[in-house]
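Here's the structure, in structure tokens; my notes come after.
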Amino acid sequence: MAEEPAGRDKTVGSMTVPAANERPSRLAAAQRVVLSGWGGNPRSAADVIRPGSLSEVVPMLAEMRERSRSVLARGLGRSYGDAATSAGSVVIDLTGADRVVRTDGAVVTVEAGLSLDALLAWSVPKGWFVPVTPGTRYVTIGGAIASDVHGKNHHREGSLGGWVRSLRIATPDGEIEASPDGEHADAFWTTVGGMGLTGVILEASIEMIPIETSLVSVDTERATDLDECMRLMSAGDAGYRYSVAWVDCLRRGRGLGRAVLTRGDHASLAELESAPKKPRSVTPADPLAYSPRQLARVPFEAPVRLATLPAVRAFNEAWFRKAPAHRAGELQPLASFFHPLDFLGDWNRLYGRHGFTQYQVVVPFEAAEVVREIIEQLGRSGFPSLFAVLKRFGPANKAPLSFPAPGWTLALDIPLGRAGLAELLDRLDGIVADAGGRVYFAKDARLRPQLVRSMYPRIGDWQRVRDRLDPDGVFTSDLARRLHLLGDTT
Amino acid sequence: MNDATGLPQTAVVVGGTSEIGLAILEELAKHRLEAVLLAARDRSGLERAKARLEAVGVGAVSLEECDVTKAEDVERLVSSAASSLGTVDLVIVAAGQLGTAELDQLPPATVLEMMGANAGGPAAAAVAFASLMAGQGCGRLVVLSSVAGLRVRRANFVYGAGKAAIDGLALGLSDAVRDAGVSVMVVRPGFVRTKMTVGRPEAPFSVDATDVATAVVEGLERGAAVVYVPPVLRYAFLVLRHLPRAVFRRLPG
């Protein structure tokens, strides 16, 4: 961090006082706040500013460049690790920029701070769904593009970046209008999956997909072990738009990796009309009714460790048993299928003050045994893992730092606060890297920088375009510093 | 940066020739440690420490001659740490000296020197680095206290009083910098077999410097606020702290 030049502002408590003889700084409104990702750890303090409108962002960036202050944009803070924190930097909180700007056929242009939750509340009743959704609605569009998020449809429809038609990006020198194959295509693909390090996404135009109902027709199957699960997915996924498996990581020997598969597609009006069992809230007269609710909220950080091995084991057992051995064509509301965890607000607090990390990797299809190896090693280590999720990725897109690549992706939530986890995950990283796989930056909070270049071989291309967009090095994050993403990646 | 498992990429050791401090760095070098700065008074000791760390693969080792009881030395140390390491992830305050408890060997100058080496200097360094870290918005301090400071015994009352002071300061500092994104871990070893204690009678539950290092790194991984080495001392001192004085002063050693 090359900050602290002479004449820098003095920070007094939460106030930043501009040096005399200067006009009032935008930093006067900043507040020093300790931030973390969704996993709760690591934490760092930054000066958070909420711009009144998007037109303030470029002048704000220019001022921070002049003051040699580094900058990072932040949305809802749902990346798990340190992607949206930046110690000592100015963090621009964009959640106030949440308007739908315009629509043009299937393409909707929105401000970057708009949440998927708000976008869906607006679009679903009109018959449009987002082309890609992660496991929570509480992410901003800007953050989702910067992480190039994927959903249960990646094997057929790719990640979010492939559905973005244009981006308006702020840099200290002004705004860029970038599109995937027109002008500034390199800026576009560097920003998609670029972890907020290329500029500030102000607006995005996204192609939405039409839906006839607000329901998903879901097939559920249980697999007795990992082999069966992978076989079912390999054979059947092509026939489903959405597919995911929940895997029990705590079983050993026979039954290792037993799983519940849920696969489906948006239900048509005809399916709703002919369904023997109709959901209460959605009727053929009102097929696009949509009012997902949070049922409860975790009120405070758990004072004791709840995610213990016996508790997780019991939870996994219950989850597996409650799933039907086989059920086809069940109509589920969108939120139940795509965002089941959103029913419980602030669920990360259940992990207590130590928080948790999500370990998500992808390995090529031909290295499927790595998935088994990870589940086995984790089971042996005694670290309890809730919500292990397995799915198949389709082709990658053009973004050099985009995570998805053809292969199996496995995501595991692991509680922090116990010695030995670093060593275990470092070992697993090595296996993943050797197999040609990679770790997902949007989830990461502990990868070693040495592995970045082999996991993301195109990082050099990314850095070249990034350096052109941000020659003065205004943008950084704790993730970027930890993994040396902005240079010196060994 | 410190990662989610509590492990640093850069570290400073104040008391950079301390066996415990170096053992901690050797343990951290197994993980993510990239660059360190060692600070101590003794130049040749620093050079030996550097060679030892380079042997275990720590690539960038810088040295700073520094007497922590001198304000200007502490100030220079903090600024050279910021410039040579960038972000200072971890500072280990390990400076100290055991000295003596023989009254005829404790003229005022010696008492002042011992209090400076165990309390004043480490306190100045801890606060100066905590302030740097508060500006950074992140960082962790590890302060080496001792169970000797939990209840000061006649056998090492000057040393124990110094450790009592730095222990109390570290706990209070921890609360003071919490909202700045900085954390402080207090380490309370019992008798550690090092060059500082060589020739002294061993107390029960003696450990080696490597035991302290393992416990410190595990403490960082667990996000611990206070670490006892060995852990059993937590309970032993729960009792010892509350013994009546008439009993306490009759304890051997």
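Computed from heavy atoms alone, side chains included, the values below leave out hydrogens, waters and symmetry copies. To find a chain, count down the sequence lines: A is the first, B the second, and so on, and within it residues start at 1. All of these numbers come straight from a predicted model, not from anything done at the bench.
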Problem - Interface moiety of A:Asp426 toward chain B, non-hydrogen atoms closer than 4.5 Å - result: side chain

Exercise for the section: Any chance you could measure A:Ile414, atom CD1, to B:Thr5, atom OG1, to the nearest 0.5 Å? Expected result: 11.5 Å

Practice task
Verify the neighbour count for atom CZ of B:Arg178: are there more than 12 heavy atoms of other residues, nucleotides or ligands below 6.0 Å?
Solution key: no

Handout entry: Heavy-atom proximity to chain B below 4.5 Å, by part of A:Leu447
Key = backbone

Problem - Nearest-0.5 Å distance, CD of residue A:Gln450 to CZ of residue B:Arg32 - result: 8.5 Å

Practice task
Would you mind checking which part of A:Ala46 comes under 4.5 Å of any heavy atom in chain B, side chain (CB onward), backbone (N, CA, C, O), both or neither?
Solution key: neither

Handout entry: Per-residue contact mode, B:Gln9 against chain A (heavy atom under 4.5 angstrom)
Key = side chain

Handout entry: CD on B:Glu221 to CZ on A:Arg418, rounded to 0.5 Å
Key = 10.5 Å

Handout entry: Rounded distance [0.5 Å steps], CZ in A:Arg446 versus CG in B:Leu7
Key = 10.0 Å

Handout entry: Distance in Å, A:Arg481 CZ paired with B:Thr10 OG1, rounded so as to fall on 0.5 Å steps
Key = 11.5 Å

Exercise for the section: Grab the two heavy atoms, one from B:Cys138 and one from A:Ser44, that are nearest each other, plus how far apart they are. Expected result: CB-CB, 3.9 Å

Practice task
Mind ranking A:Pro42, A:Gly39, A:Gly355 by heavy-atom pairs under 4.5 Å with chain B and telling me who comes out on top?
Solution key: A:Pro42

